[in-house]
Amino acid sequence: MSNPLLDFDDLPLFDRIHPDHVAPAIDLLISQSETALETVVQPDFPAEWSAVSTVLDAASERFGRAWGAVSHLNAVADTPELRAAYNEALPKVTEFWTRLGADERLYAKYKAIDADGLNAEQRQARKNAIRNFVLSGAELTGPAKDRFSRIQERQAELSQKFSENALDATDAYAHYATEPELAGVPEDVIQAARAAAQAEGKVGHKLTLKMPCYLPVMQFAHGAALRERLYRAYVTRASDQGDAKFDNSALIGEIMALRKEEARLLGYASFGEVSLVPKMAQSPAQVIAFLRDLAARARPFAQRDVADMRSFAAEHLGIADPQAWDWPYIGEKVKEARYAFSEQEVKQYFTAPKVLAGLFKIVETLFEVTVRRDSAPVWNPDVEFYRIERARPEGDRIGTELVGQFYLDPSARTGKRGGAWMDDVRARWLRPDDGRLQTPVAHLVCNFAEGVDGKPALLTHDDVTTLFHEFGHGLQHMLTQVNERDVSGISGVEWDAVELPSQFMENFCWEWNVLRHMTAHVDSGAPLPRELFDKMLAGRNFQSGLQTLRQIEFALFDMLLHTEHDPAQDFMPLLASVREEVAVLQPPAWSRTAHTFSHIFAGGYAAGYYSYKWAEVLSADAYAAFEETAGNDGAASVETGRKYRQAILEAGGSRPAMESFKAFRGREPTLDALLRHQGMA
């Protein structure tokens, strides 16, 4: 118990975990899980759900929680020592899960369990398990089974290296800009850059490729030379166009070859087909048709956006031939002129504490819970911890019960992976080994800029939307009422439906009744003026056609890469052809955005990136129910919130996502609400 990774009494001891704890803990937990596996696969061990779960699930869940803590620290507090310990353990971890998922004896045991003796949650979990056994190679034998196992181990190594290269290439870049170079850049970004340079004993202003720095420079810097410098560095990260030691080209080729081989071993024509087996979409052809249909609808709006920017750039900015690094700048100037506001102006009203309070207020109101601060060991002083509670009658008084808890890690920093994500620490589970109800715990991770000069952090409206998005994932994980671990919360939810709750929450970022409670000017404390909100609302769908095509470009490339592309060939011509078909703005030939496309090469979205657009249809239609039932003052209906919570959030993966959607909406989803919300109806 001196090893914090082996303490499962409550929350992970993040403040005590060190790299030298990893190997002994993982070795012991794998050994315990292997013993549990060998116990349940014996011929005389009963083929009963509770019996298998009590022995095997209890052991493997502890192992999963410990490895989850290590993986999380590797993503948010990367050090050379931790990375080495993680990479040393990774092959053993992958080998065990691969072997467990493909064990024909365990597969036979699950098939022998009498489904009639199970409750609805257990039946769904068993159905998913049997499907996953097949996809994990449980029906393979001999050399094919051995080869499948080696493929999984190698893919895990390659994905980890891909992620490391993307992070290292991002962290390695710095440009120390002079004051004149930064003309137009927001003052808080300049201050942060100056402080970063001073911390290193350097002269000037340290500019990096992390979003809180990169994006404002691209949007606001008057100097095209500076924008070009950063753009070129950003789109060539981890590629053949940059530092060779971070180049992901060969990794991508090998990953794709292994995925194709895996699909063939399982009897499928492509990895795209394998990917869709546990998803809502029925076939790659259906996904490709969906994307192309949406692209055709969005294209006229995108073409109008580009024509508008071209004429504005020529007339007002003196840019006759805009280049790739000019478009964010032009777009921001058009928005300022058209809607008379800038992101920088809006940002002054969104202080992080006020935004968080506003988010909690809408969650508490709609979903009938309470969010309050809690305490737990954390990995960085910036990390906050919270608990979600629900009122519960206790005799003649009202008590509270713990529903879930979450860590919030908001700030960008060196050694922390870029982007934003939600992950689970542990799932809700009525534990079969001791009968306790284990409450769910989540990670909510963002990469916002830190506050400067003692002021709170300022968030862009996009940052606010990102926070709401990730919290939507967290709500599905934490508000679940399902007691079977493998289908509680986000577990067992089809991948192309898992973005429904997250995208659904984004809509509230455009509601005056919500925003007015979550804004206070950083200096004066005044709330966001209604006039400024109305300008934001008018500009809500600014360039929505372009943004839609950008997402479809990524999604179509992903699906075609995993269905039609020959891994032995360079994938860049495929990307070029997708851009030719979909995009209305062509990037330079040296652009290498695929080389940091971590979603599909290191993040679980392989042949699944379309899920974002697919789920947008579901989330927009779900939110339309709130629009239809809103009060005269625009306030969302608590009754509709309760119905949504019960039908979708609480049900988790205990039934197919379409069943949950129809339980809420009374019908299947339609495209109408999405097109209307994005101004493309």
Side-chain angles (χ1 to χ4, degrees), residues 49 101 110-111 113 115-136 268 272-287 289-290 422 424 427-429 440 472-473 475-505 559 604-625 642-671 673-674:
W49 184 268
Y110 269 89
K111 287 194 292 184
I113 294 173
D116 293 337
L118 306 180
N119 63 36
E121 296 173 6
Q122 293 167 341
R123 281 196 298 274
Q124 184 67 34
R126 175 181 175 271
K127 179 181 176 183
N128 291 352
I130 289 174
R131 176 199 68 203
N132 294 340
F133 272 117
V134 176
L135 292 178
S136 298
Y268 291 92
E273 291 184 2
V274 175
S275 173
L276 294 187
V277 173
K279 295 182 172 70
M280 289 180 74
Q282 299 299 303
S283 68
Q286 182 190 14
V287 171
F290 163 74
M422 172 266 162
D424 67 315
R428 178 183 167 104
W429 190 26
H473 283 308
L475 286 172
Q476 185 169 35
H477 179 66
M478 291 182 286
L479 298 189
T480 186
Q481 291 297 291
V482 176
N483 292 332
E484 193 58 50
R485 180 194 62 156
D486 291 341
V487 289
S488 77
I490 56 174
S491 299
V493 177
E494 294 99 314
W495 197 262
D496 40 8
V498 83
E499 296 294 335
L500 189 171
S502 53
Q503 292 171 344
F504 166 84
M505 285 299 294
M559 188 54 75
Y605 276 84
Y609 196 77
Y610 77 91
S611 299
Y612 284 103
K613 301 310 294 183
W614 187 278
E616 269 188 53
V617 175
L618 304 175
S619 64
D621 201 338
Y623 191 74
R642 186 180 304 133
K643 186 177 180 182
Y644 171 81
R645 185 190 82 218
Q646 293 170 344
I648 292 176
L649 298 180
E650 292 183 356
S654 65
R655 61 187 177 189
M658 185 60 79
E659 286 185 23
S660 292
F661 185 90
K662 289 195 288 189
F664 173 58
R665 255 337 224 146
R667 56 166 174 75
E668 293 195 357
T670 68
L671 198 58
L674 175 63

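Note: hydrogens, waters and symmetry copies are ignored here, and every other heavy atom, side chains too, is used.
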Using atom types as modelled and distance alone, determine if a side-chain donor or acceptor of [X] lies under 3.5 Å from a backbone N or O of [Y].
X: S275; Y: G272; answer: no
X: Q503; Y: A620; answer: no
X: S660; Y: I648; answer: no
X: R665; Y: D621; answer: yes

Among residues at least two apart in sequence or on other chains, which ones pass side-chain contact (heavy atoms from CB on, under 4.5 Å) with Q282? Q286
Name all residues meeting the side-chain contact (heavy atoms from CB on, under 4.5 Å) criterion together with S654; count only those two or more places apart in sequence or in a different chain, and write none if there are none. E121, V482, V487, A651
Summary of side-chain hydrogen bond (donor to acceptor under 3.5 Å, both in side chains) pairs that have at least one residue in residues 643-652, sequence neighbours excluded: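 Every side-chain hydrogen bond (donor to acceptor under 3.5 Å, both in side chains) pair that includes a residue of residues 643-652, provided the two are not neighbours, is E368-R645, R645-E650.
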Which residues share a salt bridge (charged side-chain N to carboxylate O under 4.0 Å, His left out) with [X], sequence neighbours left out:
X: E484; result: none
X: D496; result: none
X: K279; result: none

Run the side-chain hydrogen bond (donor to acceptor under 3.5 Å, both in side chains) test against [X] and tell me which residues pass, sequence neighbours left out.
X: N128; result: Q124
X: R123; result: none
X: S502; result: H469, H473, E499
X: N483; result: R428

With sequence neighbours excluded, what pairs up with Y110 under the ring-ring contact (aromatic ring centres under 6.0 Å, His included) test?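 In terms of ring-ring contact (aromatic ring centres under 6.0 Å, His included), with neighbours along the sequence ignored, Y110 is linked to W49, F133.
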Which residues satisfy the ring-ring contact (aromatic ring centres under 6.0 Å, His included) test with W614, sequence neighbours excluded? F290, Y610
